[in-house]
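Please read these numbers as outputs of a predicted model, since none were measured by experiment. Proteins come first, then strands; the chains are lettered A, B, ... in the order of their sequence lines, and each starts at number 1.
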Amino acid sequence: MSDDKDHQEIIYGLCKKRGFFWGPSPEIYGGAAGLYDLGPLGKLLKNRLEGQIRSSFVKANFWEVECPTVSPEIVWKASGHLDGFIDPITECIKCGQNYRADDLIEELAPDAKIKGLSLDELTEKINELGIVCPSCKGELGPVTQYNLMLRTQLGLDQVAYMRPETATTTYLLFKRFLTFFRNKLPAQVFQIGKAYRNEISPRQGMLRLREFTQVEGQIFILKADEVDWEYFPDIADDKLPLLPYQIQEEESDEVSNITVKEALEKGYFATQAYAWCVHLAYQIFRSMGFTNEVMRLRQHLMNERAHYAKDAWDVEIFTESFGWVECCGVHDRGNYDLTRHKEFSKEKLYVKVDKKPVVPNVLEIAFGVERPLYCLIDNAYEEDEERSWLRFPPRVAPIQVAVFPLMGKDELESVAKDIYDDILESGLIIYYDRSGSIGRRYRRQDEVGTPYCVTIDYDTLEDTTVTIRDRDSMDQVRVKRENLVVVLRNLVRGEKRFSDL
RNA sequence: GCGCUCGUUGUCUAGGGGCUAUGAUGGAUCCCUGCCACGGAUCCGGCCCGGGUUCAAAUCCCGGCGAGCGCACCA
């Protein structure tokens with residue numbers, strides 16, 4: 001796409017102008033990359049997405065929990081993030097170029113044994129092997145560490161870190177879950193909360209943040225349930241747009257739309273439970289308003305997978321701004337995490353199966369909310385010669401209804417305000433606007449994606465009907481005032497279509 | 001963090017040492033307006049931050065911060 005950048009600029013301009021998001025934050029001090037503020041409309045939209053996510057999980061029998069965002073060092077030692085997140089870095093003294101020290105040594109001296117070496121030992125190794133900057137032949141500085149976790153402290157001297165994922169904090173509750181779920185597995189929980197990653201160089205605006213809201217659903221499950229999953233039959237015949245790794249290795253990106261059952265038979269998924277998780281992730285994104293045409297499920301190649309992941313599929317969303325964007329990962333984490341926390345905490349993080357202790361496996365659905373937030377705006381954007389508008393599905397639109405008096409006359413305004421109060425009372429998010437021509441007010445709402453506008457005119461005073469104007473078609477229908485709130489609620493919930501009114 | 005390019009009202013933008021910084025769009029109040037950015041009046045709002053050169057800096061130089069692209073990074 002030649003107009004990639006244009007589209008990205010259009011979206012960012014619109015979002016800044018209309019109060020979806022601002023940044024980088026704090027703007028008045030110049031801003032720090034990777035931090036953004038949500039404006040009123042962005043926050044409304046995010047709340048709606050989180051609402052859809054929450055209800056999808058709850059319908060799938062998950063229970064929501066919330067954990068602290070800061071945890072003592074030991075937690076991250078156990079989880080592997082302390083070692084996994086600290087990269088050894090060396091900087092060229094002459095040109096300032098940075099390198100991963102271990103990668104550099106391995107690349108230039110494949111025979112060197114560097115596994116498990118400390119930072120000082122890596123520095124020695126570089127000197128010993130006479131390794132210099134590949135780019136300018138300058139001398140390399142001492143090996144230091146770069147930590148992708150944000151470090152802080154508790155009290156005077158306890159080292160702690162902001163969580164880089166919510167999942168680990170969820171696992172720490174495993175013993176409590178056993179009690180809550182009355183010692184029965186599977187146990188399904190999820191968490192929506194902030195996570196922090198100290199990215200070296202955040203790019204692509206809202207897509208790579210240093211602080212973001214993460215959603216992570218976890219199933220603690222035993223092998224027997226994985227292969228014979230209670231809820232699997234419900235979804236076995238649903239089709240998914242799949243891109244398994246074998247196809248990608250053939251340099252193809254052709255998605256095959258096949259049923260979950262078929263995918264399992266073809267070996268794309270190892271177990272029923274994992275397949276169900278991929279399906280659930282897909283459903284969650286559908287509920288947020290993404291259409292089939294912009295979604296695909298892509299399996300990670302073998303070398304893409306994280307150390308703990310036995311299998312990994314992503315939900316990807318197509319955007320005009322960035323092409324395909326990775327939005328959600330579904331991982332089979334095995335029993336890595338619980339085993340590690342069992343070792344480090346010395347707690348009994350297992351269940352008894354046939355009188356033997358078994359550490360259950362964990363299946364995980366993980367994603368950040370800001371990515372789908374951006375992708376949804378990107379997908380929703382439409383323009384023609386006449387206007388530009390955001391085609392949000394009504395159920396996730398930030399403002400659901402706007403109310404206008406046809407003109408700013410007292411007799412129209414007093415009725416309009418009564419109607420505004422009625423709708424407000426119903427719980428819909430509503431906006432009142434009396435300023436400017438009626439066309440201008442419709443355009444303002446189009447630009448922020450408000451699906452329905454209600455206009456009070458002189459006929460309203462005669463026959464108590466108002467017009468509802470549809471954002472996408474710009475068509476209007478008249479409805480009785482006493483039916484208005486019910487009609488609007490049905491429209492917004494997607495229980496009725498405007499064209500059927 | 002490196003390299004290249006860039007940073008002017010809410011948004012988009014012209015200018016590139018010299019009176020009061022250009023235009024569009026937007027917003028506010030009023031008039032007009034009987035359904036899709038009409039028109040009129042009045043008003044609002046800007047040179048990213050710091051230092052330097054100069055009689056004079058939005059403009060030139062240095063540094064910082066930020067953005068886009070490329071490199072590196074992305075558990």
Can you name the ring-ring contact (aromatic ring centres under 6.0 Å, His included) partners of [X], sequence neighbours left out?
{"X": "A/Tyr420", "answer": "A/Tyr432"}
{"X": "A/Trp22", "answer": "none"}
{"X": "A/Phe269", "answer": "A/Trp313"}

Practice task
Indicate, yes or no, whether a donor-acceptor pair under 3.5 Å links the base of B/rC36 to the side chain of A/Arg441.
Solution key: no
Handout entry: Donor-acceptor pair present, A/Tyr442 side chain and B/rC35 base, under 3.5 Å
Key = yes
Pairwise [atom1] distance for [N] and [M], with rounding to whole Å:
{"N": "B/rG50", "M": "B/rG10", "atom1": "C1'", "answer": "26 Å"}
{"N": "B/rC61", "M": "B/rG17", "atom1": "C1'", "answer": "13 Å"}
{"N": "B/rA41", "M": "B/rU33", "atom1": "C1'", "answer": "16 Å"}

Exercise answer: donor-acceptor pairs, residues 448-456 of chain A side-chain atoms, under 3.5 Å, sequence neighbours excluded:
residue: A/Thr450; atom: OG1; partner: A/Gln445; partner atom: OE1; Å: 2.6
residue: A/Thr455; atom: OG1; partner: A/Tyr442; partner atom: OH; Å: 2.8

Exercise for the section: Using a cut-off of 6.0 Å, state whether more than 12 heavy atoms not belonging to A/Asp463 lie near its atom CG. Expected result: yes
Exercise for the section: Sequence neighbours left out, what pairs pass side-chain hydrogen bond (donor to acceptor under 3.5 Å, both in side chains) with at least one residue falling in residues 372-382 of chain A? Expected result: A/His7-A/Asp378, A/Ser321-A/Tyr374, A/Ser321-A/Asp378, A/Tyr381-A/Glu383
Exercise for the section: Report yes or no: do A/Gln191 and A/Thr170 form a side-chain donor-acceptor pair below 3.5 Å? Expected result: yes
Fill in the blank from the handout: Residues passing the side chain to side chain donor-acceptor pair (under 3.5 Å) test with A/Asn361, sequence neighbours excluded, are A/Glu226
Handout entry: Sequence-distant partners of A/Glu347, salt bridge (Lys or Arg N to Asp or Glu O under 4.0 Å), two or more places apart
Key = A/Lys175
Handout entry: Sequence-distant partners of A/Arg296, salt bridge (Lys or Arg N to Asp or Glu O under 4.0 Å), two or more places apart
Key = A/Glu316
Practice task
Could you identify which residues of residues 397-405 of chain A place a heavy atom less than 4.0 Å from some atom of RNA chain B, listed by residue number, or say none?
Solution key: none
Problem - Neighbours of RNA chain B within residues 471-484 of chain A, by heavy-atom distance under 4.0 Å - result: A/Met474, A/Gln476
Pull out every protein N or O sitting under 3.5 Å from an N or O of nucleotides 44-52 of chain B, one pair per line with the distance.
none

Whom does [N] pair with, Watson-Crick or G-U wobble, provided both distances fall under 3.5 Å?
{"N": "B/rG39", "answer": "B/rC31"}
{"N": "B/rG16", "answer": "none"}
{"N": "B/rG70", "answer": "B/rC2"}

Handout entry: B/rC38 phosphate, OP1 or OP2, under 4.0 Å from A/Ser437 side-chain N/O
Key = yes
Problem - Passing candidate, side-chain contact (heavy atoms from CB on, under 4.5 Å) with A/Phe404, options A/Thr467, A/Asp457, A/Asp433 - result: A/Asp433
Handout entry: Spacing of CZ belonging to A/Arg163 relative to OG belonging to A/Ser79, to within rounding of 0.5 Å
Key = 13.0 Å
Problem - Nearest-angstrom distance from the residue atom CG of A/Leu406 to C1' of B/rG34 - result: 6 Å
Completion exercise
Given protein heavy atoms under 4.0 Å, the one-letter contact record of nucleotides 24-30 of chain B, with B base, S sugar-phosphate only and - none, is simply --SSS-S
